[in-house]
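By convention in this document, chain letters (A, B, ...) are assigned in the order of the sequence lines, proteins followed by strands, and residues within each chain are numbered from 1.
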Amino acid sequence: MSDNPNHFQLFNLTVTFDIDSLTLAQHYRELQRMIHPDNYINAGSGERLLALQKTAQINDAYHTLKDPIQRGRYLLNLQGYSPSTEFHKDPVFLMEQIELREELMQIQQLTALNEFLTRLEQRMRQLIQQLSHQLAAQQFPTADITLQQLQFFKRLQEEALTLEETLT
Amino acid sequence: MALLQISEPGQSTAPHQHRLAAGIDLGTTHSLIATVRDGIAQTLPDSHSQHLLPSIVHYSSNHPPQIGQTAKDLACTDPLNTIASVKRLMGRGLNDVKTTGTRLPYHFIENAGQGMPKIRTNAGDKSPVEISAEILRVLKKRAEDYLDGELIGVVITVPAYFDDAQRQATKDAATLSGLNVLRLLNEPTAAAIAYGLDQKATGIYAIYDLGGGTFDFSILRLQRGVFEVMATAGDSALGGDDLDRILAQWIMQSAKIPEDAPPAEIRHLLEIARQIKETLTTKDSVLIQLPPALNNNWQTEITRDQFNELATPLIEKTIGPCRRALRDAHLTVEDITEIIMVGGATRMPIVRECVAQFFGKPLHLDIDPDKVVAIGAAIQADSLVGNKKGEEMLLLDVIPLSLGIETMGGLVEKIIPRNTTIPVAKAQEFTTFKDGQTAIAIHVVQGERELVTDCRSLARFELRGIPPMVAGAARVRVTFQVDADGLLSVFAREEISGIHSEIVVKPTYGLTEQEIEVMLTDSLTHAEEDVATRTLREQQVEADRVINALRAALQIDGHHLLKKEEFLAISAALDELLKVKAGQDAKAIKQGIDRLNQVTQSFAARRMDHAIRKAMKGHHIEEFTPGNS
């Protein structure tokens, strides 16, 4: 292992989008068992700080790899592809977003909201599948667009969840 | 082997000696201390066999403060000098206190709306941190008398939903009471440890913790000694105390007692309300009779149904956080293996009904809900000081509320979202707006809302000493770090010049180091030891810790991770520290520790990398199924 391993190497995983989440979680826990600050309570302040920083780094790497959107972005970055700063204006996608937003604004009942959230999750799963194929085929520009679209869905999902709190 | 012979003759490191540690539940209504003896965690009683210490402090002009039951007995006769529920004031401002607790009967000192309010007592103005420290001192003494030795360290529990200011205030109180805090542990997590280790549990556990003044709900995944908090939510100003208040108000209205009744009467009514609430957990109705002092000829009966009606809106407020935590953890009620009930207020039948109904399954109440948190903390403390060899336990907790900074227009930019596993560090870059600007102000807030005014202000940081450059040229990288206690610290570095910016912190509700120093001096004026003795003692303890840790590290890794010159340099620094440690100069000991930390820095880093490699050893990339690449 090099001195500055990337997130995948840190957990001893192949650098690829489709990772086994159970293996990731298992390797994460094994690392934490060794490095977590709880193991260094009786050590000197320098070593304690180091354990804290390393654990924070391991946590960050874990959460990046666990989340498909962040993992996708990280992979693009590793491949040296810098994401487009402009949003790809796909009229069909934008129309869908506008309609979903309008639908969300009308929702007043928890059951309707749950149904809406389920649909969002389905669409996100489709896009993640698509992202996986694009990254495997090294189609970085189109993968970048899919990531942008996923980001839109994620924001919509967050707004829907905020609404859930006011409905209950 | 030479490396193994560095301990001094007659000064054994005694690796298998049992080290004294304890867990403390610093509660709103009562506090407890527990410890592990002969492998069993148990709470410790006082000389009257009482385990629960009422979290009440009474101040007087001519006696030392009285704490616990004796203070509680004075609450009705001397309410202004008898401070109860101080936990509600920790890390809070006067405005919070006014809005959250309905008219606490104390004399608060206005501090120009800044910081934690002090309370005027016959013994002077007291900060909530000082008052909490009095409670901690009693518990410390109880444990040290019982164990017949000095505690190496303690784990203190805090509500999972406590923000940074509330956690810091708790830690400051411990420092003031002379306790070494090994870890601040979230209360629901502590309860999960108490249950989980008992039963070797595996599955997803929901912890519903309704205490005297706080409500927490946490979801944990338990798996072979790993306690992973998936999400937490709650309300740090909601608890059983609120039910007493609602009931007291109902009595006041019914008995036509004016709202501005004197504090002694209100205190008395709250006590009557608490007794009624407790009686109604087992009885269907209670006759309320007010003593002549309050209202001579008034009496009435209250049924459990009537009380439930008063309590329901409050208890329903706890369901929202349950729902949010489930959502954050991407789970539904069906995924929950078991529900653990914690906190005295969960004894109330209406609470149990409400929770059982929401989850649609029976509840777990095997361990006394008043003691379970302290027991969990004791187990964690025992494990942290190294008494539990082999039975490893790993806690992965989260930050309960998002951390953000103020941006243009009073908006919040989130830096670390809620339910992120701690420790965590996030860096953010800042730049200057004006030519030659040498300082940048950063306002850190905690909360979920978009506007700064709707979040809690934690601190204002001022970065100074930025080299003068044209506007926008400086690149200041600010790192926000939350440690395993959930406490925030901030570092800054100007990237181009590499200069570490000086950070001036103004905690919004916390205490500055100088304030703590003053309190420490005050608290020691009547004590046997003085500040100098205490500082020397602390440095000696720290030196011992560093020396023991280094010796152990050298024994394990010294021979294969150090070159001869490095080993010699470390040995020299170690000898130097051993020499100054025997003396009386606290400053020299501190310098010796710093020097040793410095020369061992790269050894520590190598050990850490070695540990990582060791953890991943045996895992080969080939072990993945072919379809995955």
Side-chain angles (χ1 to χ4, degrees), chain A residues 1 3 5 8-20 23 25-60 62-63 66 110 114 117 121 136 158 160-162 164-168, chain B residues 152-153 182-183 223 226 228 319-320 323-324 327-328 380 383-386 392-396 420-426 448 481-484 542 545-546 548-550 552-553 593-594 596-598 600-601 604-605 607-609 611-616 619-621 623-625 627-629:
Chain A
M1 194 190 294
D3 280 330
F8 292 92
Q9 289 165 335
L10 183 65
F11 296 109
N12 214 347
L13 298 174
T14 320
V15 183
T16 173
F17 182 75
D18 291 325
I19 53 173
D20 177 15
T23 311
Q26 187 202 337
H27 289 194
Y28 165 70
R29 283 195 287 267
E30 279 165 24
L31 273 185
Q32 285 283 37
R33 271 195 195 277
M34 303 291 284
I35 306 300
H36 194 275
D38 281 358
N39 298 316
Y40 293 85
I41 286 277
N42 303 306
S45 59
E47 212 168 342
R48 273 181 295 168
L49 181 64
L50 209 60
L52 171 61
Q53 289 168 342
K54 268 277 190 281
T55 310
Q57 197 190 326
I58 291 167
N59 277 334
D60 182 47
Y62 177 59
H63 289 284
K66 212 168 75 165
L110 206 57
N114 280 331
L117 279 164
E121 274 161 29
E158 277 163 12
L161 291 178
T162 319
E164 187 190 32
E165 278 171 44
T166 61
L167 284 183
T168 54
Chain B
I152 286 180
L182 301 166
R183 185 67 77 231
Q223 204 174 11
V226 182
E228 188 179 356
I319 297 300
R323 217 173 250 139
R324 195 174 69 212
R327 184 59 89 181
D328 280 356
Q380 156 89 332
S383 160
L384 288 177
V385 295
E392 287 137 2
M393 167 168 114
L394 173 65
L395 287 195
L396 303 168
T420 301
T421 310
I422 50 174
V424 58
K426 283 273 148 78
E448 311 309 319
Q481 177 185 284
V482 179
D483 65 16
E542 172 70 9
R545 212 160 55 106
V546 171
N548 287 336
L550 180 61
I593 293 170
D594 289 347
L596 192 61
N597 275 332
Q598 208 188 334
T600 54
Q601 210 170 29
R607 291 192 70 221
M608 207 80 60
D609 285 337
I612 292 178
R613 270 195 294 271
K614 214 165 94 186
M616 287 296 99
H619 294 300
H620 299 292
I621 289 169
E623 80 187 43
F624 296 100
T625 47
N628 271 348
S629 57

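For the options Ala611(B), Ala553(B), Ala484(B), heavy-atom pairs under 4.5 Å to chain A are most numerous at Ala611(B). Ranking Leu31(A), Asp60(A), Ile58(A), Val15(A) against chain B, the residue ahead of the rest is Leu31(A), based on heavy-atom pairs under 4.5 Å. Ranked by heavy-atom pairs under 4.5 Å with chain A, the list Leu394(B), Leu395(B), Val546(B) is led by Leu394(B).
In Glu542(B), the CD atom is crowded: over 12 heavy atoms of neighbouring residues, nucleotides or ligands sit closer than 6.0 Å.
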**Report entry** Verdict with supporting geometry, Gln53(A) and Gln57(A), side-chain hydrogen bond (donor to acceptor under 3.5 Å, both in side chains)
**Finding:** CA-CA 6 Å; Gln53(A) 289 168 342; Gln57(A) 197 190 326; over 6 Å; no
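Contacts of Arg607(B) classified as side chain to side chain donor-acceptor pair (under 3.5 Å), with partners at least two apart in sequence or in another chain: Glu47(A), Asp557(B). Applying the side chain to side chain donor-acceptor pair (under 3.5 Å) rule to Asn59(A) yields the partners Tyr28(A), Gln32(A); only residues at least two apart in sequence or on another chain are considered.
Of the atoms belonging to Gln598(B), not a single heavy atom falls under 4.5 Å from chain A. When heavy atoms are compared at a cutoff of 4.5 Å, Ala136(A) does not approach chain B at all. The part of Glu228(B) that comes within reach of chain A is its side chain, from C-beta onward, which places non-hydrogen atoms under 4.5 angstrom from that chain. Using a 4.5 Å cut-off between heavy atoms, Arg545(B) touches chain A through backbone and side chain atoms alike. At a 4.5 Å heavy-atom cutoff, Ile319(B) makes no contact with chain A through either its backbone or its side chain. For Phe17(A), no part lies near chain B; criterion is any non-hydrogen pair under 4.5 Å. With a threshold of 4.5 angstrom between heavy atoms, Asp483(B) approaches chain A through its backbone and through its side chain.
Note that CG of Leu52(A) and CD1 of Ile35(A) are 12.5 Å apart. Values are rounded to the nearest 0.5 Å. Once rounded to the nearest 0.5 Å, the distance linking OG1 of Thr23(A) with CG of Asn12(A) reads 10.5 Å.
Side-chain contact between Leu10(A) and His27(A): absent, with no pair of heavy atoms (C-beta onward) separated by less than 4.5 Å.
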